[in-house]
Amino acid sequence: MFTSNQTAARRPTARKWLAATAGFAFAVTGAISSAQAQDTIKVGVLHSLSGTMAISETTLKDTMLFLIDEQNKKGGLLGKKLEAVVVDPASNWPLFAEKARELISKNKVSAVFGCWTSVSRKSVLPVFKELNSILFYPVQYEGEESERNVFYTGAAPNQQAIPAVDYLMSKEGGSVKRWVLAGTDYVYPRTTNKILEAYLIGKGVKKEDIMINYTPFGHSDWQTIVSDIKKFGSAGKKTGVVSTINGDANVPFYKELGNQGIKATDIPVVAFSVGEEELAGLDTKPLLGHLAAWNYFQSIKNPGNAEFIKKWQAFTKNPKRVTNDPMEAHVIGFAMWVKAVEKVKSTDPDKVIDALPGITAPNLTGGTSTMLPNHHITKPVFVGEIKADGQFDVVWKTKGLVPGDAWTDFLPGSKDLESDWVKLKCGNYNTVTKKCGGQAS
Amino acid sequence: MGKFHDRILAFAVAIGLIVAAAGFAHAGPYEDALEKFTTDEFSDTAEAVTAVATSGNPLAAPLIAALQDGRLQFSAKDKKVLIKTADDKLIDAETGKPFAGTPPDDLDTVRVNNRLRGVIDAANGALTLMAPDPNQRYESAQQVFKSRDAAVLPAVEKALESEKVARVKKVLNEARAAILLAADDTSAADRIAAIEFIRARGDQDSLALLQSLPADLPADVRAAANGAIKTVERNLALWNTVQNLWYGLSLGSVLLLAAIGLAITFGVMGVINMAHGEMVMLGAYVTYVVQDVIRTSYPGLFDYSLAIALPLAFIFSAAVGIAIERSVIRFLYGRPLETLLATWGISLVLQQAVRVAFGPTNKEVGNPSWMSGAFDLGGILITYNRMWIILFTAIVFAALLAMLRFTRLGLEMRAVTQNRQMAAAVGIRTARIDALTFGLGSGIAGLAGVALSQIDNVSPNLGQGYIIDSFMVVVFGGVGNLWGTLVGALTLGIANKFLEPFAGAVLAKIAILVFIILFIQKRPRGMFALKGRAIEA
């Protein structure tokens with residue numbers, strides 16, 4: 001039944017699965033015998049390996065194992081070997097909090113790399129605050145948050161959504177005048193669309209030229225919505241679609257676009273959640289020219305990126321394995337954490353948290369990202385067009401690196417807020433009332 | 001000897017001509033434009049395209065075609081532009097001669113973005129109005145209708161004179177009317193005539209065009225425009241209803257396909273099979289494996305991949321279904337709660353097994369050529385994949401009904417579900433029938449998987465998305481009644497699609513759920529309840 005190709009792909013997965021289970025068992029026993037614990041520095045990996053989010057998060061677990069393996073080859077950290085502790089929160093949000101607690105208090109990890117959806121991040125926040133540990137969060141998100149214990153290595157809205165909209169408004173992007181904001185119905189698309197709507201109206205776009213549409217998770221029947229978009233787009237003004245549609249619903253959405261003959265030259269779709277990994281499940285020929293905005297693309301030509309891709313494909317023993325943006329975020333986050341630990345010569349969370357702002361690490365696109373006092377990082381922003389081979393062709397990029405802004409300037413509740421964990425020691429300082437603890441909308 | 005001499009002379013003259021032509025040509029706009037392709041800047045490429053298209057050079061058309069297909073190569077170092085032919089040969093874009101020698105090592109494809117594709121389409125549009133292929137002429141006339149570019153008007157009028165094919169001629173007339181309407185210096189009579197063409201076209205684009213007319217038109221033109229707007233709006237509203245019906249039918253057929261296997265295992269046997277969705281998922285993965293084998297070994301068979309996958313998916317899902325029935329479910333008959341938990345556990349095991357075997361990411365299942373694209377039917381667009389799925393569902397449903405009605409197995413199945421003891425008493429091996437019925441339900445789920453792989457993700461989660469909907473359809477339609485399942489699926493599909501345009505996808509789903517809850521309160525056994533003892537068992 002299986003071709004040789006699939007058996008080849010199956011073997012490492014099965015072995016890693018074993019390794020992960022073994023690592024977990026090892027970690028549990030390790031926590032019991034304290035002698036074991038002192039020989040290694042433990043790093044928690046909190047990504048879903050089963051359930052709906054496994055599709056995206058399994059790759060990030062593999063990335064962490066890869067990075068830890070690379071670091072150990074270089075001699076480990078502070079003279080000790082690093083050890084990954086992998087747990088499976090199974091796409092179950094409350095379980096994320098339980099597993100986080102297990103990692104910190106039972107396995108005594110020094111830092112945790114994990115979470116994908118905003119709701120899973122919100123679920124583990126209280127645990128990290130209470131037990132005072134460190135979380136590196138690698139996914140682009142809606143912003144409106146800055147916590148002392150969390151370091152956001154993915155893009156804030158001003159590092160992805162706003163530049164992408166700017167690009168579509170420019171002459172090069174097609175001078176889009178009419179906007180469809182389509183998203184899955186949960187916190188990230190709703191907040192992002194709220195920010196974008198405020199931003200567009202501020203740019204002089206009329207309310208009737210903005211159409212906002214939400215669909216349930218895993219929506220698979222896109223006929224009505226795609227034909228609505230087509231109708232909305234035939235009013236004579238150049239129309240563009242900003243898609244915050246999440247993971248699984250994208251494939252049927254793009255298939256319907258292709259079948260109804262909506263070409264990127266007529267109505268371009270720019271997506272914030274579609275990367276190389278998602279396109280791997282699609283026939284991309286009808287999607288030629290549709291766009292995605294990210295801080296990293298696999299196709300970006302750069303010696304650092306080429307080396308990373310080579311090593312990653314060797315590590316996964318799959319010469320076709322793709323790389324994507326959240327993976328790069330983990331690469332940067334992990335490098336920053338290693339530097340900070342080396343700087344303070346300790347894995348003590350308080351010391352590392354204080355040391356992290358200002359730490360720099362090379363990103364895979366040729367620049368150097370810096371951890372900012374608001375616990376976000378500086379990143380370049382790229383807009384890429386989908387090519388026939390499932391990769392992206394970068395058609396636009398920001399001039400330099402864009403610093404991540406935790407609190408957007410385009411919503412009334414959050415434009416007065418500022419985050420600075422170095423001078424102000426506060427994640428939501430209100431510049432009007434001069435008080436820490438101001439609330440966003 | 002003299003002849004030989006002549007040949008040498010002719011050869012020398014020819015060489016001289018070529019050299020002269022090359023030397024002369026170098027000053028031309030075409031050759032100047034070529035250099036701009038080598039800068040790797042979109043704005044330069046755009047200028048180059050326009051310059052090349054208007055240069056009149058015979059190489060312009062193949063060069064633009066190559067650019068469009070990603071076959072135009074450049075070397076920044078040597079300032080050289082090369083056309084790669086379909087069979088991977090390199091042609092020098094400057095001379096049109098095959099490129100001799102080794103290609104430069106920094107050879108790269110000239111990149112194209114959306115704005116450039118627009119420029120290329122525009123450059124092509126005027127060129128292809130006279131193309132020999134009527135489909136191409138039709139497409140470029142549509143392009144002109146959309147762009148309303150006044151500069152193309154003479155070309156359109158010239159094309160109109162020679163056009164023979166009626167449907168192309170119609171679009172050309174509409175394109176001409178659109179240009180005239182958009183222009184400022186058109187006379188009132190011409191405008192009214194143009195409005196007539198647009199009114200006859202009657203689609204969304206026509207409406208947008210009519211609505212965008214300036215307010216200060218002469219009164220008679222204004223009246224004609226307003227009348228046309230009303231007609232087009234009425235026309236569109238009508239087609240909109242037809243379209244919603246079609247979408248509802250299509251959604252209903254997908255629901256029916258997913259639920260019909262469950263209608264047998266749950267409806268007929270009374271087994272709450274939570275792993276039903278996973279049988280669908282397995283069918284989709286069989287399709288993936290079949291396509292993968294075809295891609296690597298027999299690429300010519302790709303268009304038949306679904307036909308090959310159908311029997312395999314049926315057999316594989318049925319086999320898994322029978323294995324589940326024999327190993328787990330048969331011990332749990334009459335204990336619905338345990339069955340529910342056990343089959344839910346099985347569904348998780350199957351999902352994780354697929355995840356380990358194939359990886360958690362989506363698998364690419366391609367659409368055969370006859371499943372992609374769409375065609376216009378009156379005012380609505382019908383996509384081929386949806387149309388085939390509706391037909392396929394109808395065939396599966398009819399075949400299943402016929403099987404239950406006319407075959408011995410069908411007779412035995414009905415006998416066992418209606419009265420197990422009596423069936424056993426007349427010599428039917430009820431245990432065997434149970435296994436076969438469950439296998440049949442699972443096999444049909446496998447067939448559904450093949451169809452769903454064409455419109456949805458092929459991932460381990462595929463089945464989960466359909467299990468709730470399937471139960472809803474079966475319960476709503478009436479447990480144990482295939483016709484009820486049919487009516488239930490179509491009702492839910494059409495109701496959903498009529499609600500969606502104004503309630504939104506999320507609210508429509510909620511409304512349907514609330515409706516079903518209320519309905520079940522009123523009629524606990526669904527629309528078409530079976531009478532008698534059949535369901536009590």
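Both backbone and side-chain heavy atoms feed into the values below; hydrogens, waters and symmetry mates do not. Note on naming: letters A, B, ... go to the chains in the order of the sequence lines (proteins, then strands), and numbering restarts at 1 for each one.
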Any idea how B:Tyr288 and B:Phe358 line up, ring-wise: parallel (<30°), tilted (30 to 60°), or perpendicular (>60°)?
perpendicular

Proximal component of A:Asn213, with respect to chain B [non-hydrogen, under 4.5 Å]
neither

So, B:Ser372 versus A:Asn259: side-chain donor-acceptor pair below 3.5 Å or not?
no

Between A:Asp209 and A:Lys177, does at least one N-O distance fall below 4.0 Å, as a salt bridge requires?
no

Tell me, out of B:Gln464, B:Lys509, B:Gln351, B:Gln454, who's got the most heavy-atom pairs with chain A below 4.5 Å.
B:Gln454

Chain B interface, residue from A:Thr265, A:Val395, A:Asp221 that has the most non-hydrogen pairs under 4.5 Å:
A:Asp221

Okay, B:Leu251 and chain A: the region with an atom under 4.5 Å from a heavy atom over there is both

Side chain, backbone, both or neither: which part of B:Val112 has a heavy atom under 4.5 Å from chain A?
backbone

Note: A:Lys387-A:Asp393 ion pair, threshold 4.0 Å (strictly below)
no

Which atoms of B:Asp376 are under 4.5 Å from chain A, going by heavy atoms: the side chain, the backbone, both sets, or neither?
neither

Proximal component of B:Tyr466, with respect to chain A [non-hydrogen, under 4.5 Å]:
side chain

Chain B contact via A:Lys255 - side chain, backbone, both or neither, heavy atoms under 4.5 Å:
side chain

Just checking, A:Arg321 and A:Phe315: is the charged tip under 6.0 Å from the six-membered ring centre and within 45° of the axis?
no

Closest-packed option against chain A by number of heavy-atom pairs under 4.5 Å, given B:Lys363, B:Gln211, B:Arg386, B:Gln243:
B:Arg386

Considering only heavy atoms, which portion of B:Asn461 lies under 4.5 Å from any heavy atom of chain A: side chain, backbone, both, or neither?
side chain

Should the pair B:Arg115 and B:Phe42 be classed as cation-pi, given the thresholds of under 6.0 Å to the six-membered ring centre and 45° from the axis?
no

Taking side chain as C-beta onward, heavy atoms only, is A:Trp116 less than 4.5 Å from A:Ser91?
no

Of the listed residues (A:Gly173, A:Ser227, A:Gly174), which shares the most heavy-atom pairs with chain B below a 4.5 Å separation?
A:Ser227

Crowded around B:Trp388 CH2? As in, over 12 foreign heavy atoms under 6.0 Å?
no

What part of A:Leu291 is in contact with chain B, defined as an atom under 4.5 angstrom from a non-hydrogen atom: side chain, backbone, both or neither?
side chain

B:Asn367 versus chain A, heavy atoms under 4.5 Å apart: side chain, backbone, both or neither?
side chain

Would you say the side chain of A:Met211 lies within less than 4.5 Å of the side chain of A:Leu181, judging by non-hydrogen atoms?
no

Examine whether an atom of A:Lys263 lies under 4.5 Å from a heavy atom of chain B, and if so say whether it belongs to the side chain, the backbone or both; otherwise answer neither.
neither

Region of A:Gln260 that comes under 4.5 Å of a non-hydrogen atom in chain B:
both

Row check, B:Phe302 ring normal vs B:Arg295 NZ/CZ: under 6.0 Å, within 45°
no

Of the non-hydrogen atoms in A:Leu287 and A:Ile386, which two are nearest, and what is the gap between them?
O-CB, 3.9 Å

Select one option (side chain, backbone, both, neither) describing which atoms of B:Asp203 are under 4.5 Å from chain A's heavy atoms.
neither

Would you say A:Lys397 has more than 12 foreign heavy atoms packed within less than 6.0 Å of its NZ?
no

Among the listed options B:Asn385, B:Val254, B:Val506, B:Leu507, the residue most often paired with chain A at heavy-atom distances under 4.5 Å:
B:Val506

Region of B:Val365 in contact with chain A, defined by heavy-atom distances below 4.5 Å
backbone

A:Glu57 versus chain B, the contacting section by heavy-atom distance below 4.5 Å
neither

